[in-house]
Amino acid sequence: MKRIKNHIDELFKDIPHNHEIEMVKQEIIENLEEKVFYLMEQGREQEDAINKAIVEFGDMEDLKKELGVKEPTKKSMAKLNLEFSIWGSGLIIAVFIFMNLYYTPHTIWAIYPIFAILWWPLSMYFVWSRKKWSE
């Protein structure tokens, strides 16, 4: 029944360990093992009984709510994305200006790709501001 223990350990890997959690894990493992033995008495193969017990156990969402485990909050990357887009577009714009002045100084063509590149930090600004105001 090592497979059941490994499965339960995998389900509980994100939950902080304490005595109560360990007791719940042991109880779940015992219940699943009893279910496997019951299914084997009914004529199922061991592998099939283990699979059925694991599938019928379901997911951890209800159990996490009962145990009071909070979901980890995702860190917003909106500000970092905005900063990256500003620096990145600044460097790209500098390259286009250099290319324009070095290769064709009498024709100003760099303004067209610069306008296109400016949409990147502008869109990241709107994402950042939406995240900022929703918090």
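- Linking Ile, Leu, Val, Met, Phe, Trp and Tyr residues whenever their side-chain heavy atoms come within less than 4.5 Å leaves I50 and L39 in two separate clusters.
- Heavy-atom minimum distance, L32 versus A53: CD2-O, 3.5 Å.
- Put simply, the side chain of V95 reaches to within 4.5 Å of the side chain of M99, judged on heavy atoms.
- Enclosure of atom CD in E27 is not indicated, since only 12 or fewer non-hydrogen atoms of other residues, nucleotides or ligands lie within 6.0 angstrom.
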TODO: Report the C-alpha distance between K35 and N31 in whole Å, list the side-chain angles of each, state the deciding distance to 0.1 Å, and finish with yes or no for side-chain contact (heavy atoms from CB on, under 4.5 Å).
DONE: CA-CA 6 Å; K35 176 112 178 153; N31 288 341; over 6 Å; no

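- Closest heavy-atom contact between I21 and F12: CG2-CD2, 3.7 Å.
- Annotation: E45, atom CD; neighbour count of heavy atoms from other residues, nucleotides and ligands within 6.0 Å does not exceed 12.
- When every heavy atom of F57 is checked against every heavy atom of I8, the shortest pair comes out as CE2-CD1, 4.3 Å.
- W87 and L91 are not part of a single hydrophobic cluster, where members link through side-chain heavy atoms under 4.5 Å apart.
- With a 4.5 Å cut-off on side-chain heavy atoms, V127 and R130 count as touching.
- Contact annotation: the side chain of I114 approaches that of I97 to within less than 4.5 Å [non-hydrogen atoms, C-beta and beyond].
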TODO: Could you give me the CA-CA distance, side-chain angles and deciding distance for L122 and L118, then say whether side-chain contact (heavy atoms from CB on, under 4.5 Å) is met?
DONE: CA-CA 6 Å; L122 182 64; L118 287 176; over 6 Å; no

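- Considering only heavy atoms from C-beta on, R3 comes within 4.5 Å of N51 through its side chain.
- Separating the CG atom in N81 from the NZ atom in K131 is a distance of 9.5 Å, to the nearest 0.5 Å.
- Atoms CE and OG, on M124 and S129 in that order, are 11.0 Å from each other to the nearest 0.5 Å.
- Taking the six-membered ring where the residue is Trp, F98 and Y102 present parallel rings, their angle staying beneath 30° rather than reaching 60°.
- Between K13 and D9 there is no salt bridge, since no side-chain N of the basic residue sits under 4.0 Å from a carboxylate O of the acidic one.
- Using a 4.5 Å cut-off between side-chain heavy atoms of Ile, Leu, Val, Met, Phe, Trp and Tyr, with links allowed through other members, I108 and I93 fall into different hydrophobic clusters.
- For the pair N100 (side chain) and T104 (backbone), a donor-acceptor distance under 3.5 Å is present.
- Distance check, rounded to the nearest 0.5 Å: CZ of F96 to OH of Y112 gives 14.0 Å.
- Residues V36 and I4 have side chains in contact (heavy-atom distance under 4.5 Å, counting atoms from C-beta outward).
- M77 contributes atom CE, which lies 10.0 Å from atom CD of E83 (distance to the nearest 0.5 angstrom).
- One hydrophobic cluster holds both I92 and Y103 under the rule that ILVMFWY side chains link at heavy-atom gaps under 4.5 Å.
- No path of Ile, Leu, Val, Met, Phe, Trp and Tyr side chains, each step under 4.5 Å between heavy atoms, connects I29 with Y38, placing them in separate hydrophobic clusters.
- Distance CD/Q46 to CG/D48: 11.0 Å, rounded to 0.5 Å.
- The neighbour count for W109 CH2, taken as heavy atoms of other residues, nucleotides or ligands under 6.0 Å away, is above 12.
- The two residues S85 and P121 make their nearest non-hydrogen contact at OG-CA, 3.4 Å.
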